[in-house]
Enquirer: 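Pasting in a structure now, in structure tokens, and then I'll have a few things to ask.
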Amino acid sequence: DVYFPPCKRYHISAPFVFAGGKFEQKKPSIEVLPDECLFEIFRRLPGGQERSTCACVSKRWLTLVSNIRRDEISDNKTPQASDLEHENTNKKGGVSAEDVDSDVEGDGYLSRSLDGKKATDIRLASIAVGTASRGGLGKLFIRGSKSRHVVTTVGLRAISRGCPSLRVLSLWNLSSVGDEGLCEIANGCHQLEKLDLCHCPSITDKSLLAVAKGCPNLTDLTIEGCANIGNEGLQAIACSCPNLKSVSIKDCPLAGDQGVASLLSSASYSLTKVKLQALNITDVSLAVIGHYGKAVTDLSLTSLPNVSEKGFWVMGNGHGLQKLKSFTVTSCCGATDSGLEAVGKGCPNLKQLCLSKCPFLSDKGLSSLAKAAGSLECLQLEECHRISQFGFFCSLINCGAKLKVISFANCLGIKDLNSGLPPLSPCESLRSLSIHNCPGFGDASLFALGKLCPQLQHVELCGLHGITDAGVLPLLESCEAGLLKVNLSGCVNLSDKVVQTISNLHGWTLELLNLDGCKISDASLVAIAENCQLLTDLDISKCTITDSGIAALAHFNPINLQILSVSGCSMVSDKSLPSLGKLGETLLGLNLQQCKAISSRAVELLTEQLWRCDILF
């Protein structure tokens, strides 16, 4: 044994070691250097390419390189030799310096998206290093998972130090990210304009205070399911970010009137989009919207249990929503007749109105609202069960000469007309009619619509079991402009006669036809093939068609189908394979699900032949 007297331990071990009775020279290794020395070396490298290459050596080196701030890089360096990122494999962990999704250019910056198991600190460090020499990272989207490796403060710190040009940050379902991580972003990414925080329970008002201080250019804020964010954070954003253009707050129990009102009042002349959902706000917030929403064009209010009729009334009479164009109300008990009428009068430029699950809205209120909103172009109602056929036709008549789209869905209060309507002037502006799952809607209503709406181009009558050929035919015959899209799915009492009429009268314009569940046969397909040369989307699922109908469809060359669905057609068999192959010359999508007479072997052959077509089986 060789005696070595005790001495101070050196950072670098001796070049010789004693083993096997003799001295052997030890191979030098840079790994024995402490982190401080390696950090000094890395920050003195001449260019981003060299640092990116070093980051590929090991996770330790990657971590060190990713923690170098831009202002810590030594000035004694040569211009970068190349702007290309290197994807060399990590020798220890199998991680490349840029092992992420492909580049997506956006406004001159790079975008990156990490989802599920890919969302780790190592990958964020790789992004920070790899994009530094390519103009910088502009957009980062992270969606977490329940994986063992998650995003923490370490990963966000690497982004904040290596990507000061970050403008858009979206964090979804990241319970491991807390205030420390977001504060790092706020301290390093001062150009941040859009922040999206969804289901991040560890983030509190402290993070928003840091964002407000470090990111004054913030224009878009989305907060969803963050239980620890409240009024203090929102007030800080309101005071320091005067250029806010879009605010969306959902399911944040600590966010109340103080925070919401501060956001709305501080950005009175810049805020254009506001979405509030499942919050403990009251009529005060709606009053602030009505008074300070001078630039608001899109407003959405959903599930606000503490807002009453008074809130909507005051908002409408505040005369601040002069620029409002789109208004959506869902599950708000305060949306009553008088409240919505006041909104209609106070919003002279309102063009789109969506009302869903408004239990206290009646025919009278809808009629008054339609009269007040003279600029309305689109009216959509869903699950408003107090609306009857009277309210439907009154809204159609009273909306003025600008109404283009009307849609009613799941309105159980609608019943068919018992008597004809008095003579009314037609609604020449209406282009789209959609009635979904309103069981009381029948032939008499369709007959009346045929007289009122001669310029229809889009017709959707879905799930209406009460309508028959007698009601649909007059509507089809009255459409003078030529129908582009017709959806009759779920109308089980319609027959071939309807399809033949559509083909004969509107085949020269028809582009989409959905006959899912209708009582049609091969005769309908013959009519379609002969007359509908512009048809690109055809759905004949659960219809009584056979191989002969498919053959007739393929026989006429001018047809240019791109989407075809024959799902649930039990009489379509392997004999249709040649016809489907011929149709496949233009098809991009083919649905053969639940076609029990078609074998798996036939589908395999069809898949080989139609290589550019997506086939569902």
Side-chain angles (χ1 to χ4, degrees), residues 172 196-200 220-227 229-231 234 244-261 263-264 271-290 292-293 296-316 318 320-321 324-344 346-347 350-361 365-366 369 373 376 378-387 407-411 436:
W172 281 59
D196 188 355
L197 304 174
C198 292
H199 302 290
C200 299
D220 194 317
L221 178 64
T222 299
I223 304 174
E224 178 180 339
C226 297
I229 291 180
N231 293 327
L234 297 180
L244 277 177
K245 295 181 180 180
S246 176
V247 171
S248 177
I249 307 175
K250 175 182 177 181
D251 195 20
C252 297
L254 297 182
D257 289 326
Q258 292 180 349
V260 173
L263 286 174
L264 296 168
L271 194 61
T272 59
K273 295 182 180 180
V274 178
K275 181 178 181 180
L276 306 175
Q277 181 173 351
L279 302 178
N280 293 321
I281 61 175
T282 66
D283 297 338
V284 174
S285 293
L286 266 67
V288 174
I289 294 174
Y292 289 100
V296 175
T297 59
D298 297 83
L299 177 60
S300 177
L301 305 175
T302 303
S303 300
L304 304 178
N306 297 325
V307 174
S308 67
E309 178 184 61
K310 181 180 178 181
F312 283 90
W313 189 88
V314 174
M315 182 176 68
L321 296 174
L324 188 65
K325 295 181 179 179
S326 176
F327 185 37
T328 300
V329 182
T330 304
S331 300
C332 292
C333 294
T336 61
D337 293 347
S338 60
L340 291 177
E341 182 181 0
V343 171
C347 306
L350 187 63
K351 297 183 181 299
Q352 181 174 348
L353 177 62
C354 303
L355 304 175
S356 177
K357 299 179 181 179
C358 297
F360 299 108
L361 177 64
L366 183 60
L369 175 60
L376 200 63
C378 177
L379 176 62
Q380 299 177 354
L381 268 71
E382 182 176 0
E383 294 189 39
C384 296
H385 301 309
R386 292 187 65 187
I387 302 299
S407 174
F408 278 61
N410 301 302
C411 295
H436 283 248

Enquirer: Answer yes or no: is there a side-chain heavy-atom contact under 4.5 Å between Leu353 and Val343?
Expert: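 Not in contact.
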Enquirer: Would you give me the side-chain donor-acceptor pairs under 3.5 Å for residues 281-288, sequence neighbours excluded?
Expert:
{"from": "Thr282", "atom 1": "OG1", "to": "Asp257", "atom 2": "OD2", "distance (Å)": "2.5"}
{"from": "Thr282", "atom 1": "OG1", "to": "Val284", "atom 2": "N", "distance (Å)": "3.4"}
{"from": "Asp283", "atom 1": "OD1", "to": "Ser308", "atom 2": "N", "distance (Å)": "2.8"}
{"from": "Asp283", "atom 1": "OD1", "to": "Ser308", "atom 2": "OG", "distance (Å)": "3.3"}
{"from": "Asp283", "atom 1": "OD1", "to": "Gly311", "atom 2": "N", "distance (Å)": "3.4"}
{"from": "Asp283", "atom 1": "OD2", "to": "Ser308", "atom 2": "OG", "distance (Å)": "2.6"}
{"from": "Ser285", "atom 1": "OG", "to": "Asp257", "atom 2": "OD1", "distance (Å)": "2.5"}

Enquirer: Might you point out which heavy atoms bring Ile229 and Leu254 nearest each other, and give the distance in Å?
Expert: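 Minimum heavy-atom contact is O-CB, 3.6 Å.
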Enquirer: Working to the nearest 0.5 Å, report the span between CG of Leu381 and CZ of Phe408.
Expert: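 Separation between the atoms: 4.5 Å.
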Enquirer: Please check if atom NZ in Lys351 has more than 12 non-hydrogen atoms from other residues, nucleotides or ligands closer than 6.0 Å.
Expert: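 Buried by this count: over 12 neighbours within 6.0 Å.
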Enquirer: Decide if atom OH of Tyr292 counts as having more than 12 heavy atoms of other residues, nucleotides or ligands within a radius under 6.0 Å.
Expert: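 No - once you tally the heavy atoms of other residues, nucleotides and ligands closer than 6.0 Å, there are 12 at most.
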Enquirer: Specify the closest pair of heavy atoms between Val274 and Leu264, including all atoms of both residues, with the distance to one decimal.
Expert: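 Shortest heavy-atom contact: CG2-CD2, 3.8 Å.
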Enquirer: Shortest non-hydrogen contact from Pro359 to Lys357?
Expert: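 Shortest heavy-atom separation between Pro359 and Lys357 comes out as CD-O, 3.2 Å.
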Enquirer: For Lys245, is there any backbone N or O sitting under 3.5 Å from a side-chain donor or acceptor partner on Thr272?
Expert: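 The answer is yes, because a donor-acceptor pair under 3.5 Å joins these two groups.
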Enquirer: Quick check for you: to the nearest 0.5 Å, what is the distance between Leu276 atom CG and Ser303 atom OG?
Expert: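 That separation rounds to 11.5 Å.
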Enquirer: Using a 4.5 Å cut-off on heavy atoms from C-beta on, say whether the side chain of Leu301 contacts that of Phe312.
Expert: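 They are in contact (side-chain heavy atoms under 4.5 Å apart), so the answer is yes.
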Enquirer: Report the distance from atom NE2 of His436 to atom CD of Glu382, rounding to the nearest 0.5 Å.
Expert: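 Separation between the atoms: 10.0 Å.
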Enquirer: Answer yes or no: is there a side-chain heavy-atom contact under 4.5 Å between Leu355 and Leu369?
Expert: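 Contact flag for Leu355/Leu369 side chains = yes.
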Enquirer: Could you pull out all donor-acceptor pairs under 3.5 Å where a side-chain atom in residues 246-253 meets a protein atom, sequence neighbours excluded?
Expert:
none

Enquirer: Could you measure the distance from the CG atom of Leu350 to the OG1 atom of Thr297? Nearest 0.5 Å is fine.
Expert: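 So the CG of Leu350 and the OG1 of Thr297 are separated by 11.0 Å.
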Enquirer: To the nearest 0.5 Å, how far apart are SG in Cys358 and CD in Glu383?
Expert: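 Rounded to the nearest 0.5 Å, the SG-CD separation comes out at 10.5 Å.
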Enquirer: How close do Leu279 and Leu304 get, heavy atom to heavy atom, and via which atoms?
Expert: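 So the minimum-distance heavy-atom pair works out to N-CD2, 3.9 Å.
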Enquirer: Taking the side chain as every heavy atom from C-beta outward, state whether Val307 and Met315 have any pair of such atoms under 4.5 Å apart.
Expert: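 When only atoms from C-beta onward are counted, Met315 and Val307 do not touch, as no gap falls below 4.5 Å.
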Enquirer: Measuring only between side-chain heavy atoms, which start at C-beta, is Lys325 closer than 4.5 Å to Gln352?
Expert: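 No; the side chains remain at least 4.5 Å from each other.
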Enquirer: State whether the side chain of Asn280 and the backbone N or O of Gly256 hold a donor-acceptor pair below 3.5 Å, judged by distance alone.
Expert: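 A pair under 3.5 Å: no.
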Enquirer: Return the CG to CG distance between Leu221 and Leu197, rounded to the nearest 0.5 Å.
Expert: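 Between atom CG of Leu221 and atom CG of Leu197 there are 7.0 Å.
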Enquirer: Step by step, would you call Trp172 with Asp196 a side-chain contact (heavy atoms from CB on, under 4.5 Å)?
Expert: CA-CA 8 Å; Trp172 281 59; Asp196 188 355; 3.2 Å; yes
Enquirer: Filter on salt bridge (Lys or Arg N to Asp or Glu O under 4.0 Å), then keep only pairs touching residues 330-342, sequence neighbours left out; what's left?
Expert: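 Applying salt bridge (Lys or Arg N to Asp or Glu O under 4.0 Å) to every pair that reaches into residues 330-342, excluding sequence neighbours, yields Glu341-Lys345.
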Enquirer: What closest approach, in Å, do Trp313 and Ser338 show between heavy atoms, and which atom pair accounts for it?
Expert: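 Here Trp313 and Ser338 meet closest at CD1-O, 4.1 Å.
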